[in-house]
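What's counted below: heavy atoms across the whole structure, side chains too, no hydrogens, waters or symmetry copies. Reminder, nothing fancy here: chain letters follow the sequence lines and each chain counts from 1.
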Protein chains: 6
Amino acid sequence: MLEFRSIDALIELTFAEDIGIGDITTESTVSPSQQGIGTIIAKTGGVIAGLPIAARVFEKIDPALAFQTFVSDGDSVGDMAPIARVTGSAKSILTGERTALNFLQRLSGTATLTAQFVAAAAQYDVKIIDTRKTTAGWRAMQKYAVRRGGGHNHRFGLYDGVLIKDNHIIAAGGIAQAIGKARSAVPHTAKIEIEVETLDQVEEALGAKADILLLDNMPVDLMHAAVKKIAGQALIEASGNITLDKIEAVAATGVDLISVGALTHSAMPLDISLDLEVKIGA
Amino acid sequence: MLEFRSIDALIELTFAEDIGIGDITTESTVSPSQQGIGTIIAKTGGVIAGLPIAARVFEKIDPALAFQTFVSDGDSVGDMAPIARVTGSAKSILTGERTALNFLQRLSGTATLTAQFVAAAAQYDVKIIDTRKTTAGWRAMQKYAVRRGGGHNHRFGLYDGVLIKDNHIIAAGGIAQAIGKARSAVPHTAKIEIEVETLDQVEEALGAKADILLLDNMPVDLMHAAVKKIAGQALIEASGNITLDKIEAVAATGVDLISVGALTHSAMPLDISLDLEVKIGA
Amino acid sequence: MLEFRSIDALIELTFAEDIGIGDITTESTVSPSQQGIGTIIAKTGGVIAGLPIAARVFEKIDPALAFQTFVSDGDSVGDMAPIARVTGSAKSILTGERTALNFLQRLSGTATLTAQFVAAAAQYDVKIIDTRKTTAGWRAMQKYAVRRGGGHNHRFGLYDGVLIKDNHIIAAGGIAQAIGKARSAVPHTAKIEIEVETLDQVEEALGAKADILLLDNMPVDLMHAAVKKIAGQALIEASGNITLDKIEAVAATGVDLISVGALTHSAMPLDISLDLEVKIGA
Amino acid sequence: MLEFRSIDALIELTFAEDIGIGDITTESTVSPSQQGIGTIIAKTGGVIAGLPIAARVFEKIDPALAFQTFVSDGDSVGDMAPIARVTGSAKSILTGERTALNFLQRLSGTATLTAQFVAAAAQYDVKIIDTRKTTAGWRAMQKYAVRRGGGHNHRFGLYDGVLIKDNHIIAAGGIAQAIGKARSAVPHTAKIEIEVETLDQVEEALGAKADILLLDNMPVDLMHAAVKKIAGQALIEASGNITLDKIEAVAATGVDLISVGALTHSAMPLDISLDLEVKIGA
Amino acid sequence: MLEFRSIDALIELTFAEDIGIGDITTESTVSPSQQGIGTIIAKTGGVIAGLPIAARVFEKIDPALAFQTFVSDGDSVGDMAPIARVTGSAKSILTGERTALNFLQRLSGTATLTAQFVAAAAQYDVKIIDTRKTTAGWRAMQKYAVRRGGGHNHRFGLYDGVLIKDNHIIAAGGIAQAIGKARSAVPHTAKIEIEVETLDQVEEALGAKADILLLDNMPVDLMHAAVKKIAGQALIEASGNITLDKIEAVAATGVDLISVGALTHSAMPLDISLDLEVKIGA
Amino acid sequence: MLEFRSIDALIELTFAEDIGIGDITTESTVSPSQQGIGTIIAKTGGVIAGLPIAARVFEKIDPALAFQTFVSDGDSVGDMAPIARVTGSAKSILTGERTALNFLQRLSGTATLTAQFVAAAAQYDVKIIDTRKTTAGWRAMQKYAVRRGGGHNHRFGLYDGVLIKDNHIIAAGGIAQAIGKARSAVPHTAKIEIEVETLDQVEEALGAKADILLLDNMPVDLMHAAVKKIAGQALIEASGNITLDKIEAVAATGVDLISVGALTHSAMPLDISLDLEVKIGA
């Protein structure tokens, strides 16, 4: 799958830090011929994400392991749901267990939290999107988990989207200048998004033909006014510590997109474990 | 610093995912000659960790940036405390800001949570230690953050310590067999640690001369009894979803070490931001 | 310079293929203590690009070499113009000569050809842009050379811009469907560009609110009609084997952008050489 | 195939620059289940080179694609000749199309130009050879394309052959000294080639028992005289901006080898395209 | 096999240094269709180690080669014993021959020497162990060869075991201080080993509860006295230029482990060659 | 130094295997502020090689260390000769000690053995050369050590020299055919060397105009006869388990080159150690 091509390097890094020269406990206590069945269970329910990565981890540990899934990424499961099974050398399963779970737990945590935000805003025509507040090395996976949870992605990085913030505005000498400079320098395929904090800035940004306005940390009332003033002349993104409590009110203002840093920086890992049944005498 | 040598690869990965072919917003709106001062501020207080990594991020973005720290890793700071300052090209500061903050926020989150656990058990002679439940690619940094928060480290990975768990015991054919196999196979420099769940297992493990006993998910009463039975014949580690609420009771049983997975898998990022002052006309 | 960060890997590849275990001729005939002055000369005039890369090549061969430039990338020079000088160990200069020239010649060739296209369309308000028809490993450098020649860049790759071509339209089931699918899937920061070949397709694409229309291989008359019909509702890019002979006529139709594959796939290298003066007895 | 082992790194570099985090257009508009047939066509005739590389590109994009060739590298084809077919996921074909074509077009361009030089000198017993004026990262492929066009290769790089040029002679203190130094330092398996510009230098080089003489930029008359003087005592290579117009006259002088930089630095890409037929409803 | 996962990088390095752009002799003289059978023979007897690595070398050269073993790593063979056979393309066998043999010869040399040390001390309850005096890049393989020869491994590197030497003692301010500092800083899973040279140091180390004492360069008499004084309170390792002549006397002192640097730094390669039978007309 | 550019990768590999996440002994017992002076001493005399590599090891461990040499690579020293000094952080010196010594000991071993062979053949006009029997990853360094010991290098690998062995001859269908095929395929800069075992083969090889004859495992008498028959028509290399005892007799036959596999595969490491003086209270 193209989507996960870049993830092999991270898996290798993980093997380097966790396995290194070998799993000395397992190698000394478990015979290479012992077979096992590992069942991966979501102890608490949520939205699953990361199964192809867990599969890849076990495949790299030992290509002879069989990995079977009971659900797909994006599925919502209840407490104690079995989500996958890995069968083969008990030694290989034990060696890969922690690494596979570390990926599954965190990515399912992000998918689950995203689904909660999406549900809370479900009656409005708004997209829940992520930010660049991701974990070093994990961006592609975390953005994938956001999609599996029903969210959408903001730009991937600094290179594939323009987002003019206050410091860029100051450095460029004003909103119109910043938009103009960006417009003339970046590929014509990129829209220009700009951060605004007041209605005056909204007006100025519209005057300079910004494609997208990011309403940063605005109180809900002000957001309402801004949406009204913009009146369809630009896309509108709301941003700034928007919690599950606040999201419905924000969505009700009529913004097009709500970005939530917590999806990637503060999601709790889902409690997922692997139960191994070792076949003695096998 | 030797300690961070392996972290360069992760920083490069982060640049690849965040910066790629360049920060198109900053490059088009900020002149290369503009100077700036970025002050890094802990908006909520806590224990700081990761300053040398933030410094390394900015150094790799632009060797001409100056990075000055106001506190050291391991220091506890109050709300709104300035912790570092980066001076030089405004363009470079803007490009590195998010990456540097992502490291600082997460590592300080782990150091802060560790410090809370350490404080809660402070009147006992017990070490708070981490686990292998770390983030892919981040293990060395997270274990460092645990130390800066006053905790200690468990083994680094599967290769530098023996920890015999239930599945190893089953596969080896019993506690004595597992310990024996491990003892004869691993370097003589390694102690043998084994997971036990009952007093019978404690007895069996002591009989097989285990060096360390890991009391896994034991109720506090049982833990008390186990500590009494062990009576100094082995080191004792307590483990199993030990929260801030429960830690004092666990520490009071007399165990030597308490391992806490949450230090690395569930610490909230500390709220740290960078305030940039762009010098216009500079 | 951030812009060239990714180029080090290509330079290393070049050293691997050209130098490998060493320059056996130079090492056996030239004493390490011999000093030299190498003057880099554009034997035929043109627009120079690639000087920082040539500098980097020599710096990596031998950090003690001094590299001094007489012009800047983007400058237009006449026949036999000296453009840079490298001073230091004659051995190091000889070893790096071919690699440095290979970069300079090709990139200056692209900058020079770009400048010719830009000049030919100078009296119209149109941007000359590049394509993805670049040399494997050279894209960042070639796009840089296009900018130095006065051109602009199209999207960098498949990941940072949407360009719906005929096959995408067929696969999606029509123009409206293709635009709709792309709009809902890609980040909100991306504009939607679509290839059209007839006036009917122009109409359909405008109806689906495409942001950019690429007029593909249209005769100039048809292009005129298309520009008139679009009437500012979308950006317009002209494309399809547009040569120096044809570019003025294309520009006169009123399109916003003209993309030219030849800038990167068919530019002749500029004739640049290095004259080395070895100081005997130095 | 051993020959192409080192090329994987370059293909990966190309994916990094072209595909990165994904082909956002194709991923959003083309269903993963859609099948397609891509026919690769040489729109203008020539000598084909690079089919195994195109095959490798598609294999790396998607191992399930089938790649079938209608001709072999080195074959000469007419206008509009189908040369290969790729079958499978339409999405994968679209994603790899540009990368595969970029390789095929340039390498076939070099093979075609080489064949023209070889044909022009066909009635003489002379080899047409390449130079080190190759594209960074492409040397192995370009030298392969020269062979497919009927040419031969000069040394691969600075490390596997000795070629003493004027600066080496000056630095060593004369022709005899340079040859002597090289002879004593390089492996005994290497011949010594030296650049000469006058008949006196020819004599001196023969006296020093050079194995090969490179006649650099000599007028044809002088070349004739040099060949006569050498009289079989050494191999003779002619060099210096030798064009298709001039090659027959050069070959007629009786030299053994003619090196042509243009084969790799100035060959126009052959016009090759991919026609995709998407199977709707498949 | 997990054990050899990290060795691929070294094999690639070897291909880079030995094969590079290709085996020009074999490629020009041997037809790709010629088949061959290569029999690998231990010309002098010994203990074999490295067969999986030889297999991996040939697999990487050409996945179509078949590699069949007649013995296993750790087996002892007599003079002229055939140990493996590789069948397939004669060209591929010739290209990989030297690389495969270089690995087999050295690793079998280490296994053979280890077996000689183990045999010489066989009547005592003592383990023969290796040191860190390994060849750069070869540590995992050499330690594996020691195990195949019947020896055991000391710590893998500086990171997975504590060994306090004289300079650490001086720097820490004494034996007790050094042991105390190490104890409080390293994971609780690590034993503390310390180098001692006199009986006073033995006493001091025991007082500080060292887990392991390394008797460094002690005469056999002193070693006897030390073993007696230690009396089971710690593990005992003997070290210091212990040759085959001296090992029985050292083992007789009652030490638990004897470390021998020569196993990895001075083992002669076993004389192993490959006899190739080329099938003509095949 | 260009010569050692490729060695950084091997040093990094060595750090990975020896230091990994850190030197836990030194880090816990030695204060970062403690200074030390390490004197590197050749306990037994010999020819030194590898000082720049040892310097590079320490520089990479800690750029603040100062490395001073008392002799140069290629110098012959007596027993107990100090050869270099490293000054700075005691912690850094201890961490790099083993790695630096491992390089120095082996390379000096090769240089010393080479010097012994060279001395034994000193009164004849013959070069002592190495083979491809090198240690994986070490070829460039070992060939360098051979040169420092007064020897010369054979081809670097399979790619930069032609050596036709018996299997190539059989596969090609005879000596003349093998030489002819090689001559027409490899660059004109390469000489053709061929292995011969009988006088008939010598004659056949001379008839086919081989440039170099390798007399493989010939008795000295036969070698004499072969040299006489060749009579200057080709270079002559003698090969085949030529020991220090036999080398003078071989040299006396009049061959031009004698290749000795033992230089790289069987040289004993020179006994070199590092004496560290820790400055207490510094």
Problem - Separation between OG of A:Ser28 and CD1 of B:Ile164, rounded to the nearest 0.5 Å - result: 6.5 Å
Exercise for the section: Could you tell me which of A:Gly36, A:Gly161, A:Ala190 has the largest number of non-hydrogen atom pairs under 4.5 Å with chain B? Expected result: A:Gly161
Practice task
Could you walk me through whether A:His168 and B:Thr25 pass the side chain to side chain donor-acceptor pair (under 3.5 Å) test, one step at a time?
Solution key: CA-CA 8 Å; A:His168 300 112; B:Thr25 308; 5.6 Å; no
Handout entry: Engaged part of B:Val162 at the chain A interface, taking heavy atoms whose separation is under 4.5 Å
Key = both
Handout entry: Close side-chain approach of B:Leu10 to A:Leu13, heavy-atom, < 4.5 Å
Key = yes
Handout entry: Spacing of CG belonging to B:Asp23 relative to CG belonging to A:Leu163, to within rounding of 0.5 Å
Key = 10.0 Å
Practice task
Identify which of B:Ala182, B:Gly180, B:Gly109 forms the greatest number of heavy-atom pairs closer than 4.5 Å to chain A.
Solution key: B:Ala182
Practice task
Just give me the residue among A:Arg139, A:Gln105, A:Arg183 that pairs up with chain B most often, heavy atom to heavy atom, under 4.5 Å.
Solution key: A:Arg139
Problem - Residue among A:Ala262, A:Pro187, A:Gly157, A:Ala185 with most heavy-atom pairs under 4.5 Å to chain B - result: A:Gly157
Exercise for the section: Evaluate whether atom NZ of B:Lys165 has more than 12 neighbouring non-hydrogen atoms of other residues, nucleotides or ligands under 6.0 angstrom away. Expected result: no
Completion exercise
Turns out that what part of A:Ala178 lies under 4.5 Å from chain B's heavy atoms comes down to both
Handout entry: Polar side-chain atom of B:Asn102 near backbone of A:Arg132 as donor-acceptor pair, under 3.5 Å
Key = yes
Exercise for the section: Would you please name every residue forming a side-chain hydrogen bond (donor to acceptor under 3.5 Å, both in side chains) with B:Glu59, sequence neighbours left out? Expected result: B:Arg56
Practice task
Rounded to the nearest 0.5 Å, what's the gap from OG1 on A:Thr29 to CD1 on B:Ile169? Could you check?
Solution key: 9.0 Å
Practice task
Side chain from CB out, backbone as N, CA, C, O: work out which of these in B:Leu94 comes under 4.5 Å of a heavy atom of chain A, or both, or neither.
Solution key: side chain
Exercise for the section: Starting at OG of A:Ser266, measure out to CZ of B:Arg106 and round the result to the nearest 0.5 Å. Expected result: 7.5 Å
Practice task
Give, as side chain, backbone, both or neither, the part of A:Thr264 having an atom under 4.5 angstrom from any heavy atom of chain B.
Solution key: backbone
Practice task
Nearest 0.5 Å please: distance from the CG atom of A:Leu276 over to the CG atom of B:Asp166.
Solution key: 8.5 Å
Fill in the blank from the handout: Smallest heavy-atom separation, A:Tyr159 atom then B:Ile24 atom, equals O-CD1, 3.6 Å
Handout entry: Whether B:Glu17 side chain and A:Gly137 backbone form a donor-acceptor pair below 3.5 Å
Key = yes
Handout entry: Check: B:Met268 and A:His265 side chains under 4.5 Å, non-hydrogen atoms
Key = no
Exercise for the section: Select one option (side chain, backbone, both, neither) describing which atoms of B:Ala90 are under 4.5 Å from chain A's heavy atoms. Expected result: neither
Handout entry: Partner residues of A:His188 under the ring-ring contact (aromatic ring centres under 6.0 Å, His included) criterion, sequence neighbours left out
Key = C:His154
Fill in the blank from the handout: Interface check, chain A: of B:Asn167, B:Leu101, B:Thr26, most non-hydrogen pairs under 4.5 Å belong to B:Asn167
Practice task
Please round to the nearest 0.5 Å and tell me the distance separating atom CG of A:Leu158 and atom CG of B:Asp18.
Solution key: 4.0 Å
Exercise for the section: Give the intermediate values and the outcome of side chain to side chain contact (heavy atoms under 4.5 Å, CB included) for residues A:Trp138 and B:Thr135. Expected result: CA-CA 9 Å; A:Trp138 284 64; B:Thr135 309; 3.3 Å; yes
Problem - pair A:Lys133-B:Arg98: side-chain heavy atoms closer than 4.5 Å - result: yes
Problem - B:Arg155, part contacting chain A, at a heavy-atom distance under 4.5 Å - result: side chain
Handout entry: Residue selection (most heavy-atom pairs with chain A, distance under 4.5 Å) from B:Thr14, B:Ile11, B:Thr134, B:Thr99
Key = B:Thr134
